[in-house]
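Below is one structure, written out as structure tokens, with a few remarks after it.
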Amino acid sequence: MNRDQALALDAADPLAPLRAHFHLPEGLIYLDGNSLGVMPKHAPARVARAVEQEWGEGLIRSWNDAGWIDQPRRLGDRIAPWIGARPGEVLVADSTSVNLYKVLHAAMQLQQGQRLRIVSERSNFPTDNYVAQSVARAHGGELVLVDAPEEIPALLDERCAVLMLTHVNYRSGRMHDMPLLTRWAQQAGCLAVWDLAHSAGAVPVDLLGSAADFAVGCGYKYLNGGPGAPAFVWVHPRHHGQAFQPLSGWLGHAKPFAFTPDYQPAAGIQQYQCGTPPILGLAALDAALDVFDAATKLGGMAAVRAKSVQLCEAFIETVLQRVPEAAIESPRVAAQRGSQVSLSLPEGIDAYAVMQALIHRGVIGDFRDGTPPLLRFGFTPLYTRFAEVVDAVEHLRAVLNTGQWREPPFAARGAVT
């Protein structure tokens with residue numbers, strides 16, 4: 001793809017008006033929405049309202065008057081259609097890791113000690129595996145990891161309690177077939193737990209249609225809710241009243257303001273709330289979800305996914321033509337890929353330094369260590385332009401051809417890579 005072709009695609013893009021909703025610094029090409037989404041322009045005003053009016057003037061009255069107490073469920077209802085759930089089934093609360101801890105414990109409890117294995121991928125996001133190790137140990141079981149997705153079916157046996165997978169792999173961008181793997185797991189008597197951190201808001205998800213058991217997800221990547229934004233949790237209605245999460249906090253109580261000494265879990269998804277909701281973080285996420293309301297009017301997830309595929313395909317084809325030394329580490333088949341593309345470079349080229357040189361030039365992706373080290377580029381259809389795809393590849397070509405990445409400052413690693 002050349003720049004003229006890219007500009008033509010931008011001119012015809014049905015989602016192009018959504019870019020105006022975001023604050024994007026002039027001259028910056030931002031391809032890291034799979035790590036931290038861009039700030040919606042009206043988020044500061046929405047947070048300021050929560051600070052100055054709701055907190056500053058309303059004070060404690062705002063739990064009722066500003067609807068603070070209902071925010072976790074109300075925002076959950078706004079996320080629900082983007083992940084294939086219904087109103088009343090999704091709760092915004094805590095972090096992805098904490099929610100994963102809750103649902104894994106609930107899933108293991110449903111198995112009643114008859115099955116003790118949690119199965120996942122070695123390449124899964126590390127915190128998911130760390131949490132799963134903790135939960136498995138607490139139940140006297142073990143976490144078993146596969147090195148390739150093709151190894152999963154053989155482990156779905158009478159010892160497997162839970163299949164825990166991230167829908168889109170954070171390193172490669174490979175997207176699992178959720179309905180198929182969920183069906184295989186359940187046919188073997190296992191429960192399916194899905195992490196939607198790299199899916200929600202960027203690729204189609206159908207939790208109910210897939211008959212998944214539990215799901216968690218992130219508010220600050222493709223949903224653009226801001227750094228550390230609250231996460232979300234979903235439990236299939238068939239498990240309501242059957243599975244119980246271990247963090248039995250007061251707002252998960254059936255009558256939290258009765259202040260009874262004994263815990264009685266709330267009905268439905270409400271029991272998965274533990275402590276007091278982070279109102280300022282919820283305000284920013286609330287503002288971000290306004291953009292998804294606008295996206296619904298422009299074609300919804302079908303339009304978002306179509307553009308995501310186009311952006312990734314344009315990037316891959318342009319890399320193959322202009323940067324042939326880079327290897328595509330993400331699936332070439334769009335149906336097997338999320339909204340990101342990962343590249344590796346030949347031995348002898350410091351991929352971290354290459355990414356730092358790109359960032360210096362105003363192209364922001366990120367680096368993930370491992371075998372091989374990866375350059376990750378995330379494509380957020382709500383604001384990414386096709387011209388930016390072409391320009392980013394040209395910057396990558398220049399960094400490699402000029403050897404700019406060899407400059408000493410680019411090798412210095414920060415605390416966050």
- Would you find a donor on one side and an acceptor on the other, under 3.5 Å apart, between the side chain of E313 and the backbone of Q310? no
- Message: If the threshold is 4.0 Å, N to carboxylate O, is there a salt bridge linking D366 and R376?
- Response: yes
- Message: To check you understand the geometry: which heavy-atom pair defines the closest contact between N2 and D4, and what is its length?
- Response: OD1-N, 3.1 Å
- Smallest heavy-atom separation, L223 atom then G201 atom, equals CD2-CA, 4.0 Å
- Would the number of heavy atoms belonging to other residues, nucleotides or ligands and lying under 6.0 Å from CD of Q112 be above 12? no
- Message: What's the separation between atom CD in Q245 and atom CD1 in I269, rounded to the nearest 0.5 Å?
- Response: 9.0 Å
- Message: If the threshold is 4.0 Å, N to carboxylate O, is there a salt bridge linking D94 and K102?
- Response: yes
- Query: Is there a side-chain contact between S344 and P373, using heavy atoms and a 4.5 Å cut-off?
  - Reply: no
- Report the C-alpha separation of V193 and L165 in whole Å, then their side-chain angles, then the decisive distance to 0.1 Å, and conclude whether the side-chain contact (heavy atoms from CB on, under 4.5 Å) test is met. CA-CA 6 Å; V193 172; L165 295 172; over 6 Å; no
- Query: Any side-chain heavy-atom pair from L7 and F386 closer than 4.5 angstrom?
  - Reply: no
- Query: Taking the six-membered ring where the residue is Trp, are the ring centres of F410 and H360 under 6.0 Å apart?
  - Reply: yes
- So, N99 side chain and A93 main chain: donor-acceptor pair closer than 3.5 Å or not? yes
- Message: Ignoring hydrogens, what is the shortest heavy-atom contact between V119 and C160? Give both atom names and the distance.
- Response: CG2-SG, 3.7 Å
- Item | Main-chain N/O of A411 paired to D350 side chain as donor or acceptor, under 3.5 Å | no
- Going by the angle between their ring planes, with limits at 30° and 60°, are Y30 and Y383 parallel, tilted or perpendicular? tilted
- Query: Should the pair F214 and H239 be assigned to parallel (<30°), tilted (30 to 60°) or perpendicular (>60°) ring geometry?
  - Reply: parallel
- Is D369 salt-bridged to R413, cutoff N-O under 4.0 Å? yes
- Query: Does the side-chain contact (heavy atoms from CB on, under 4.5 Å) test come out yes or no for F125 and T96, once each step is laid out?
  - Reply: CA-CA 11 Å; F125 193 71; T96 308; over 6 Å; no
- Can you find a pair of side-chain heavy atoms, one from V168 and one from R174, that are under 4.5 Å apart? no
- Task: Measure the CE-CG distance between M164 and L191 for me, rounded to the nearest 0.5 Å.
- Result: 13.5 Å
- Query: Is any side-chain N of the basic residue among R332 and E317 closer than 4.0 Å to the acidic one's carboxylate O?
  - Reply: yes
- Query: Any idea which heavy atoms bring R78 and P81 closest together, and the distance?
  - Reply: O-CD, 3.5 Å
- Message: Measuring from atom CD1 of I83 to atom CE of M301, what distance do you get when rounded to the nearest 0.5 angstrom?
- Response: 10.5 Å
- Would you say the side chain of L196 lies within less than 4.5 Å of the side chain of V216, judging by non-hydrogen atoms? no
- Item | Side-chain touch L345/V354, heavy atoms, less than 4.5 angstrom | yes
- Message: Using a strict threshold of under 4.0 Å (side-chain N to carboxylate O), is an ion pair present between R19 and E388?
- Response: yes
- At their closest point, which heavy atom of L15 faces which heavy atom of A303, and how far apart are they? CD1-O, 3.7 Å
- Item | Chi angles and distances behind the side-chain contact (heavy atoms from CB on, under 4.5 Å) call for R73, L91 | CA-CA 5 Å; R73 294 188 301 277; L91 185 78; 3.8 Å; yes
- Task: Could you tell me if the ring centre of H198 sits under 6.0 Å from that of Y222?
- Result: no
- Query: According to the interplanar angle, ranging from 0 to 90°, do the rings of F377 and F315 count as parallel (below 30°), tilted (30 to 60°) or perpendicular (above 60°)?
  - Reply: tilted
- Message: Before you tell me yes or no, could you show the steps for H105 and H139 under side chain to side chain donor-acceptor pair (under 3.5 Å), namely the whole-Å CA-CA distance, both residues' side-chain angles and the distance that decides it to 0.1 Å?
- Response: CA-CA 8 Å; H105 265 289; H139 287 267; 3.0 Å; yes
- Task: Give a yes or no on whether a salt bridge exists between R46 and D290, defined as a side-chain N under 4.0 angstrom from a carboxylate O.
- Result: no
- Message: For a side chain to side chain donor-acceptor pair (under 3.5 Å) check, start with the C-alpha distance between S210 and D206, then their side-chain angles and the critical distance, and finish with the verdict.
- Response: CA-CA 6 Å; S210 300; D206 187 2; 5.5 Å; no
- Begin from the C-alpha positions of F367 and L374 and carry the test side-chain contact (heavy atoms from CB on, under 4.5 Å) through to its verdict. CA-CA 6 Å; F367 166 84; L374 296 177; over 6 Å; no
- Message: Looking at every heavy atom in both P381 and L311, which two are closest together, and how far apart are they?
- Response: CA-CD1, 4.2 Å
- Message: Can a side-chain donor-acceptor contact be found between W194 and T166 if the only test is distance below 3.5 angstrom?
- Response: no
- Message: Quick check against the 3.5 Å criterion: does T402 have a side-chain atom that pairs as donor or acceptor with the backbone of A398?
- Response: yes
- Query: When you measure from the side chain of S339 to the backbone N and O of F379, does any donor-acceptor pair fall under 3.5 Å?
  - Reply: yes
- Message: Main chain of F244, side chain of Q109: is a donor-acceptor contact present, judged purely on distance under 3.5 Å?
- Response: yes
- Could you walk me through whether S172 and S342 pass the side chain to side chain donor-acceptor pair (under 3.5 Å) test, one step at a time? CA-CA 6 Å; S172 67; S342 299; over 6 Å; no
- How many angstroms lie between OH in Y352 and OG1 in T417, if you round to the nearest 0.5 Å? 6.5 Å
- Check: M175 and S199 side chains under 4.5 Å, non-hydrogen atoms: no
- Are the side chain of Q271 and the backbone N or O of G249 linked by a donor-acceptor pair below 3.5 Å? no
- State whether R74 and D77 are salt-bridged, where the test is any N-O pair (Lys NZ or Arg NE/NH1/NH2 against Asp/Glu carboxylate O) under 4.0 Å. no
- Query: Within a strict 4.5 Å, meaning less than it, do heavy atoms of the Y130 and L100 side chains meet?
  - Reply: no
- Message: Any carboxylate oxygen within less than 4.0 angstrom of a Lys/Arg side-chain nitrogen, looking at R115 and E158?
- Response: no
- Query: Okay, side chain of K307, backbone of P14: is any donor-acceptor separation there less than 3.5 Å?
  - Reply: no
- Task: Under the side chain to side chain contact (heavy atoms under 4.5 Å, CB included) rule, collect the residues that match up with A211, sequence neighbours excluded.
- Result: Q186, R238
- Task: Take R122 and D147 through the salt bridge (charged side-chain N to carboxylate O under 4.0 Å, His left out) test and state the conclusion after the steps.
- Result: CA-CA 6 Å; R122 198 173 307 279; D147 292 307; 2.6 Å; yes
- Message: Using 0.5 Å steps for rounding, measure from the OG1 atom of T380 to the CG atom of N34.
- Response: 7.0 Å
- Show the numbers, then the answer: is there a side chain to side chain donor-acceptor pair (under 3.5 Å) between N169 and S123? CA-CA 8 Å; N169 185 277; S123 64; 3.0 Å; yes
- Message: Is the shortest side-chain heavy-atom distance between I364 and L358 below 4.5 Å?
- Response: no
- Query: Okay, side chain of Q404, backbone of A357: is any donor-acceptor separation there less than 3.5 Å?
  - Reply: no
- Calculate, to the nearest 0.5 Å, the distance between atoms CH2 and CD belonging to W63 and E54 respectively. 11.0 Å
- Task: Say whether H236 and Q242, considering side chains only, have a donor N or O and an acceptor N or O under 3.5 Å apart.
- Result: no
- Query: Any donor and acceptor pair, going by atom type alone, linking the side chain of Q111 with main-chain N or O of A161 inside 3.5 Å?
  - Reply: yes
